[in-house]
*Asks:* 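Mind having a look at this structure? Questions to follow.
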Amino acid sequence: MPHRLTAILSLSAAPARGETAIEELLPRIAAESLERAVRNRGRAELARWKLHGVELELELTSTEVRPHQALLAIQRRLQEALGKSDKVGVRSLRVPSYTLEFPVEKAPERPVGLPIPHHLTVEHKVGRLELRDLSEEAIRDNWPDRAVSLVEEKLRRQSYEGKEQYWTLLGESPRREMRAAEDPTEAMLARAWVRSGPTKGKWFLGPRAAHLLKVMEKIARTEVLDPLGFSEVVQPHHDSFDILLRTGHLEGVPGEFYYVTEPKTRDPAAWERFTDLVKITRRVPTEELAALVGPPAAVSCYAQCPTIYWWLSGRTLAEESLPLKVYDRTAISNRYESGGRHGLERVDEFHRIEPVYVGTKEQLLELRERLRERYAHVFNDLLELEWRTAWVTPFYMQQSGELAEEESGERVRGTIDFEAYLPYRGTREKSEWLEFQNLSIVGDKYTKAFTIKAQRGELWSGCSGIGLERWLTAFLAQKGLDEAGWPEGFQRVALPLPSEPRFL
Ligand code: ATP
Ligand code: ZN
Ligand code: MG
């Protein structure tokens with residue numbers, strides 16, 4: 001695919017010998033730099049150049065490798081050579097226009113935008129992206145390649161939109177007798193076990209509901225994590241932007257975070273007007289407040305695994321520590337669910353245990369089977385749920401075209417969703433079941449992103465999201481709030497229940 005780049009190099013002075021000075025150096029330097037960048041992959045050349053006073057304009061074309069990869073070398077080498085021959089430096093460069101071509105499978109259904117100056121056309125399966133006014137930093141930071149990748153990603157996303165997430169049934173529990181037909185959140189509200197929280201999507205759990213949530217946590221630890229040798233870690237509650245840049249969450253779900261800001265100062269004098277306004281008006285002076293806090297600098301925990309990967313970043317794990325098995329149950333997940341909120345099932349603040357595992361591919365496949373067995377034991381023998389598992393393809397895998405792996409039946413990298421039937425939503429066949437937890441192997445995506453190494457060989461990782469509110473709602477939706485209807489195994493762990501305060 002042909003590419004064409006126009007650059008302007010600003011010289012410290014016009015060379016006294018005029019174009020002769022350039023003629024002696026530029027064609028050779030450009031040819032050598034381009035050859036080094038291209039290395040037998042197609043052709044590349046200096047198509048033309050022109051000196052206008054202190055500005056040297058040049059045009060590079062290529063057939064395969066994108067020519068900006070040679071531009072900085074050309075600048076550097078010209079700077080050295082021209083300094084020696086004519087005492088002239090190269091101050092800076094900019095790229096007024098850069099046209100890149102790339103193959104496109106399908107014409108876009110809607111226009112594709114980019115946040116930098118550009119013009120995009122797609123014709124006969126060829127995308128032609130002209131980037132305009134690129135700075136030297138943009139070339140240095142490789143914006144051109146990223147811009148093309150982003151356009152390709154947006155085009156792929158358009159073709160996936162509307163298609164359902166890949167979903168194949170893996171296994172089903174026996175059918176169970178349902179002991180409730182009510183929405184469990186409504187039932188708990190009616191008995192004042194829970195109260196809808198003071199801020200969006202958050203709940204206050206009174207003694208009974210809290211006890212039951214903690215029972216779920218205890219079951220997960222004693223029946224799944226402890227027997228499999230997982231160790232608990234305690235992680236900070238705020239996730240840095242740097243971490244989320246590395247995992248991809250910052251570009252993936254920026255609209256789902258609760259952002260954290262810091263006060264600009266804790267000096268009471270700076271806050272005096274604010275506190276005075278509060279005292280007089282008994283309201284929050286929000287504009288005043290906005291001026292006293294900085295821009296968001298982190299997010300409240302979205303998922304726990306990113307910060308666990310950060311903990312391991314840049315480290316080499318000893319053979320005897322593999323597979324590494326840890327979990328966090330301290331950080332509480334916060335998500336802006338907006339219109340999707342429903343009861344305790346979909347909340348903006350939820351309590352989750354997240355086991356994370358790092359090891360060889362074989363170790364993780366083995367561990368996944370052990371986890372599945374332990375989970376099955378909990379859901380079949382203790383909670384006696386009606387549940388099923390499904391192989392689903394996370395969105396990022398669909399995007400990066402890794403779907404082929406699932407289709408070939410290997411089922412190595414990817415996610416298993418655990419779903420429970422909620423009778424209050426309708427029939428088994430027609431209603432949507434609740435994803436109450438999942439189990440993933442993500443390959444080397446995060447071990448690479450965080451440079452986590454083994455003494456030898458490749459390291460993979462994965463995680464499992466144990467949503468405690470979801471375990472609880474799935475259980476209560478099927479078994480009801482009346483303890484007499486609960487399975488014996490669960491009764492043994494959960495009873496006696498704490499008493500509730502009596503509200504008059
Ligand atoms: P969903 O598709 O239901 O939004 P998700 O794919 O966003 O879930 P993950 O990010 O994979 O969920 O999180 C893992 C687990 O965390 C889920 O299986 C669920 O148990 C729990 N979870 C996720 N979002 C919520 C929420 N808003 N409220 C309660 N639990 C949640
Ligand atoms: Zn995770
Ligand atoms: Mg979600």
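Every heavy atom of this structure was used, including side-chain atoms; hydrogens, water molecules and symmetry mates were not. Whatever order the structure lists them in is the order used to number ligands and atoms, beginning at 1. Everything quoted here is computed from the prediction, not taken from an experiment.
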*Asks:* Write out the residue and atom name of the closest protein heavy atom to atom 11 (O) of ligand 1, then the distance separating them to 0.1 Å.
*Replies:*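 Result: Asn438 ND2, 2.6 Å.
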*Asks:* Is the CD atom of Gln491 crowded by more than 12 outside heavy atoms at less than 6.0 Å?
*Replies:*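 More than 12 heavy atoms, drawn from other residues, nucleotides or ligands, come within 6.0 Å of this atom.
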*Asks:* Out of all atoms in ligand 1, which are within 4.0 Å of some heavy atom of Gly467? Include the element for each.
*Replies:*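 By the 4.0 Å cutoff, the relevant atoms are 20 (O).
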*Asks:* Give a yes or no on whether the backbone of Tyr375 and the side-chain of His377 come within a donor-acceptor separation of less than 3.5 Å.
*Replies:*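 Side chain of His377 to backbone of Tyr375: no pair is present.
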*Asks:* Among protein heavy atoms, which sits nearest to atom 19 (C) of ligand 1, and what does the distance come to when rounded to 0.1 Å?
*Replies:*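 Checked against all protein heavy atoms, atom 19 (C) of ligand 1 sits closest to Arg470 NH1, 3.6 Å.
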*Asks:* Which protein heavy atom lies closest to atom 27 (N) of ligand 1, and at what distance to 0.1 Å?
*Replies:*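 The closest heavy atom on the protein side is Glu337 OE2, 2.7 Å.
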*Asks:* Which of the listed options, Gln437, Glu435, Arg352, holds the heavy atom that is closest to atom 8 (O) of ligand 1?
*Replies:*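 The option holding the nearest heavy atom is Glu435.
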*Asks:* Would you call Ser431 and Tyr421 a side-chain contact if the rule is heavy atoms closer than 4.5 Å?
*Replies:*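 In short, these two side chains touch, coming nearer than 4.5 Å.
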*Asks:* If I take atom CD from residue Glu419 and atom CZ from residue Phe436, how far apart are they, to the nearest 0.5 angstrom?
*Replies:*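 The CZ atom of Phe436 is 8.5 Å from CD of Glu419, to the nearest 0.5 Å.
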*Asks:* Look at ligand 1 and say whether Glu345 reaches it with a heavy atom at a distance under 4.0 Å.
*Replies:*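 Yes, Glu345 has a heavy atom closer than 4.0 Å to ligand 1.
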*Asks:* Tell me the protein heavy atom at minimum distance from atom 28 (N) of ligand 1, and give that distance in Å.
*Replies:*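 Of every protein heavy atom, Val347 N, 3.2 Å lies nearest to atom 28 (N) of ligand 1.
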*Asks:* Return the residue, atom name and 0.1 Å-rounded distance of the protein heavy atom closest to atom 23 (C) of ligand 1.
*Replies:*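 Checked against all protein heavy atoms, atom 23 (C) of ligand 1 sits closest to Phe350 CZ, 3.5 Å.
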*Asks:* Quick check: do Arg428 and Glu386 have side-chain heavy atoms less than 4.5 Å from each other?
*Replies:*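 In contact.
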*Asks:* Which option wins on minimum heavy-atom distance to atom 9 (P) of ligand 1: Arg346, Arg335, His249?
*Replies:*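 The option holding the nearest heavy atom is Arg335.
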*Asks:* Which N, O or S atom name in Glu354 marks its closest approach to the Zn ion (ligand 2)?
*Replies:*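 Relative to the Zn ion (ligand 2), the closest nitrogen, oxygen or sulfur of Glu354 carries the name OE2.
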*Asks:* To the nearest 10°, how many degrees is the angle Cys305 SG to the Zn ion (ligand 2) to Cys463 SG?
*Replies:*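 Taking the Zn ion (ligand 2) as the apex, the two atoms subtend 120°.
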*Asks:* Of all the non-hydrogen atoms in the protein, which one sits nearest to atom 15 (C) of ligand 1, and at what distance?
*Replies:*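 The protein heavy atom lying closest is Gly465 O, 3.8 Å.
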*Asks:* Is the distance between the ring centroids of Trp391 and Tyr166 under 6.0 Å?
*Replies:*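 Ring centroids of Trp391 and Tyr166 are no less than 6.0 Å from each other.
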*Asks:* Is it the side chain, the backbone, both or neither of Phe436 that has a heavy atom closer than 4.0 Å to ligand 1?
*Replies:*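 Backbone only.
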*Asks:* I want to check something: taking the side chain as every heavy atom from C-beta on, are Arg470 and Leu434 in contact at a cut-off of under 4.5 Å?
*Replies:*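 Yes, side chains in contact.
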*Asks:* Step through it carefully: locate the ring centre of Tyr336, locate the ring centre of Phe257, and say whether they are under 6.0 Å apart.
*Replies:*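 No: the rings miss the under 6.0 Å criterion.
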*Asks:* Are Phe475 and Phe490 an aromatic pair, judged by ring center distance below 6.0 Å?
*Replies:*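 Ring centroids of Phe490 and Phe475 are less than 6.0 Å from each other.
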